[in-house]
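The basis for the numbers below is simple: all heavy atoms, side chains too, and nothing from hydrogens, waters or symmetry mates. This one's a predicted model, so the numbers in the text were calculated from it and none came from an experiment.
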Amino acid sequence: MTATQSGTVMPQIDVAIIGAGFGGLGAAIRLEQEGRGDFLIFERNAAAGGTWHVNTYPGAQCDIPSALYSFSFAPNPDWTRLYPLQPEIEAYLNDCTDKFGIRDRIRFGHEVLDATWNDEQARWVVRTSAGTWSARILIGALGPFSEPATPEIDGLESFRGTVFHSAKWDHEHSAEGRRIAVIGTGASAVQFVPRLAPEAAHLTLFQRTPTWILPHPDRPISESGRSVLRKYPRAQRAMRRVFDLFQEALVPGLISHHSLLAPLTAMGRAHLRRQVKDPVLRNKLTPGYEFGCKRPTFSNKFYPALCRENVTVETTGIARIVPEGIVTTDGTLHEVDAIVLGTGFTVAGHSGFRRIVGRDGKSLADKWPDGEMSSYRGTTVHGFPNFFMLLGPNSVVYTSQVVTIEAQVNYILAALRAMDSHAITALEVSMRAQSAFAEHTDRTLAGSVWNSGGCSSYYLSPSGRNVTYWPGSVRNFTQRMATIDLDHYHWRSADFPPDTQLVTTKDLA
């Protein structure tokens with residue numbers, strides 16, 4: 001136990017983890033496997049699963065194959081589909097939680113209100129909605145897709161019908177016989193629109209930018225197929241390897257040689273021509289930017305849904321919302337009974353960034369004004385000692401995010417081992433190392449399809465800097481994250497007084 005400034009006593013733990021999604025659970029399981037069981041996960045919801053617990057909209061499905069969208073240390077031979085649906089993913093995460101014995105260290109209903117670094121004690125003070133803890137290490141597994149983005153449209157609050165975001169699906173609402181407006185054409189909308197369209201009296205899809213859509217390769221996995229995977233675990237590992245290599249093969253085209261993406265571009269155009277015969281509608285749905293610039297997706301049902309007689313694709317911009325419906329910039333009133341927001345998530349401006357306060361009293365949001373996020377290898381941030389972030393700026397590799405998370409957790413474990421070996425109480429990445437990584441990232445991604453493909457996306461900050469992707473291959477990422485170089489860090493040892501400035505290994509040489 002440790003005393004707070006007010007004289008009250010708070011419990012001490014070694015590691016505090018924010019979030020019980022893939023990131024938080026993956027970190028906790030690996031800590032447990034390493035014999036570092038003194039940790040707690042603080043989860044604001046009533047159950048584990050993160051985005052896969054919250055996003056329950058009709059048709060919610062992962063666009064990464066199940067063999068790859070799972071922990072490498074916890075393969076699941078019982079997936080019923082090649083691409084898993086939301087209920088199965090949530091069930092998988094709960095199975096992992098119980099299998100690896102970490103459920104008793106999850107504090108459900110504990111929203112982290114703020115986490116503040118105490119430099120004198122070299123510890124984080126984590127204040128939640130249900131208590132306060134002191135932790136040596138803080139792991140932020142906030143999740144980039146955990147905070148729904150609500151568009152700033154004049155008059156939205158005046159609408160007298162039903163309004164909800166896809167991430168907060170209103171299951172009491174029925175589309176049967178109603179006029180539905182869907183705003184947004186991202187991955188979620190591509191999945192739920194085909195479920196709403198057959199029920200609605202009329203559905204109007206308000207599209208700002210069309211999406212590249214490929215034929216969906218999803219297939220059910222038969223019981224005999226699952227039996228083979230249970231009997232021969234190597235077969236599932238081989239499947240994971242094949243999907244991993246396919247994702248890896250896309251990286252050169254995305255980063256530097258865009259011509260390599262031509263087959264996927266041709267496939268997307270052919271899919272559109274095959275499923276949409278009306279030339280006017282097809283023109284509306286044809287992207288005007290390079291494949292991969294925005295997040296592409298899979299669907300065999302989206303285009304047919306848009307071809308229905310009771311569906312309209314509206315590309316005129318939205319001027320405002322009135323009690324009766326949506327007014328477009330040409331003055332047309334579209335009367336609707338319900339508005340469903342498929343407008344994605346707040347990535348760069350996540351509210352959680354305001355709650356993590358570092359060494360100089362500044363939060364991550366203060367350090368990253370206007371979404372200009374920066375980090376070292378997507379995991380550590382200057383000014384935030386003993387803090388590690390999962391899926392942070394420029395950590396995402398073009399594969400399953402679970403692969404990214406596992407590599408980052410390996411890096412965190414390497415850091416903890418180094419802290420143990422050198423009796424380090426405070427470890428902080430240097431500004432020089434963080435700036436060098438940012439400069440390398442900017443140079444490498446300047447010609448990438450994300451930066452120069454002719455579109456705007458959440459991958460980029462308002463200034464146009466890519467704040468999402470790792471500047472290299474999956475192999476490069478996993479190799480770089482396998483070890484930690486203390487020369488890139490300032491640190492303070494237990495052998496030094498508390499007011500000693502942070503130093504590096506070079507300073508001590």
Side-chain contact, heavy-atom cut-off 4.5 Å: [X] with [Y]?
X	Y	result
S395	W470	no
W450	S457	no
V15	R36	no
K301	H216	no
W117	N386	yes
S430	H490	yes
D14	L31	no

How about Y92 and W52: are their ring centroids closer than 6.0 Å? no
Full working for side-chain contact (heavy atoms from CB on, under 4.5 Å) between M389 and T379: CA-CA 5 Å; M389 191 172 185; T379 310; 5.7 Å; no
Indicate yes or no: does [X] engage [Y] in a salt bridge with an N to O separation below 4.0 Å.
X	Y	answer
K367	D360	yes
R241	E248	no
D244	R475	yes
R359	E428	yes

Which of parallel (below 30°), tilted (30 to 60°) and perpendicular (above 60°) describes [X] and [Y]?
X	Y	value
Y469	Y398	tilted
W491	H422	tilted
F71	F73	parallel
F42	W133	tilted

Under the salt bridge (charged side-chain N to carboxylate O under 4.0 Å, His left out) criterion, do R295 and D63 qualify, and how do the steps go? CA-CA 11 Å; R295 180 183 177 183; D63 56 7; 2.8 Å; yes
Treating [X] as the side-chain partner and [Y] as the backbone partner, does any N or O pair qualify as donor plus acceptor under 3.5 Å?
X	Y	answer
E32	F100	no
R377	M481	no
Q236	P75	no
Q401	V396	no

Between L445 and I255, does the side-chain contact (heavy atoms from CB on, under 4.5 Å) criterion hold? Intermediate values first, please. CA-CA 6 Å; L445 298 183; I255 291 183; 4.2 Å; yes
What is the minimum heavy-atom distance between [X] and [Y], and which atoms define it?
X	Y	value
A48	L25	CB-CD1, 4.3 Å
S129	L113	N-CG, 3.9 Å
L427	L486	CD1-CD2, 3.8 Å

From [X] atom [atom1] to [Y] atom [atom2], the distance as rounded to the nearest 0.5 Å:
X	Y	atom1	atom2	value
L85	E90	CG	CD	12.5 Å
T116	L138	OG1	CG	10.0 Å
M373	W368	CE	CH2	6.5 Å
L68	Y83	CG	OH	9.5 Å

From the list R195, K168, Q191, side chain to side chain donor-acceptor pair (under 3.5 Å) partner of Y57 resolves to Q191
Per side chain to side chain donor-acceptor pair (under 3.5 Å), S72 is matched among E406, R240, R237 by E406
Can you list the steps and then say if R465 with T441 is a side-chain contact (heavy atoms from CB on, under 4.5 Å)? CA-CA 9 Å; R465 182 176 182 273; T441 298; 4.3 Å; yes
Under the criterion ring pair (Phe, Tyr, Trp, His ring centres under 6.0 Å), I'd like the reasoning laid out for Y69 against F22: C-alpha separation, chi angles, the key distance, then a yes or no. CA-CA 10 Å; Y69 200 75; F22 259 109; 5.0 Å; yes
With side-chain contact (heavy atoms from CB on, under 4.5 Å) as the criterion, how do I102 and F39 come out once you've worked through the C-alpha distance, each side chain's angles and the decisive distance to 0.1 Å? CA-CA 9 Å; I102 62 170; F39 63 81; 4.0 Å; yes
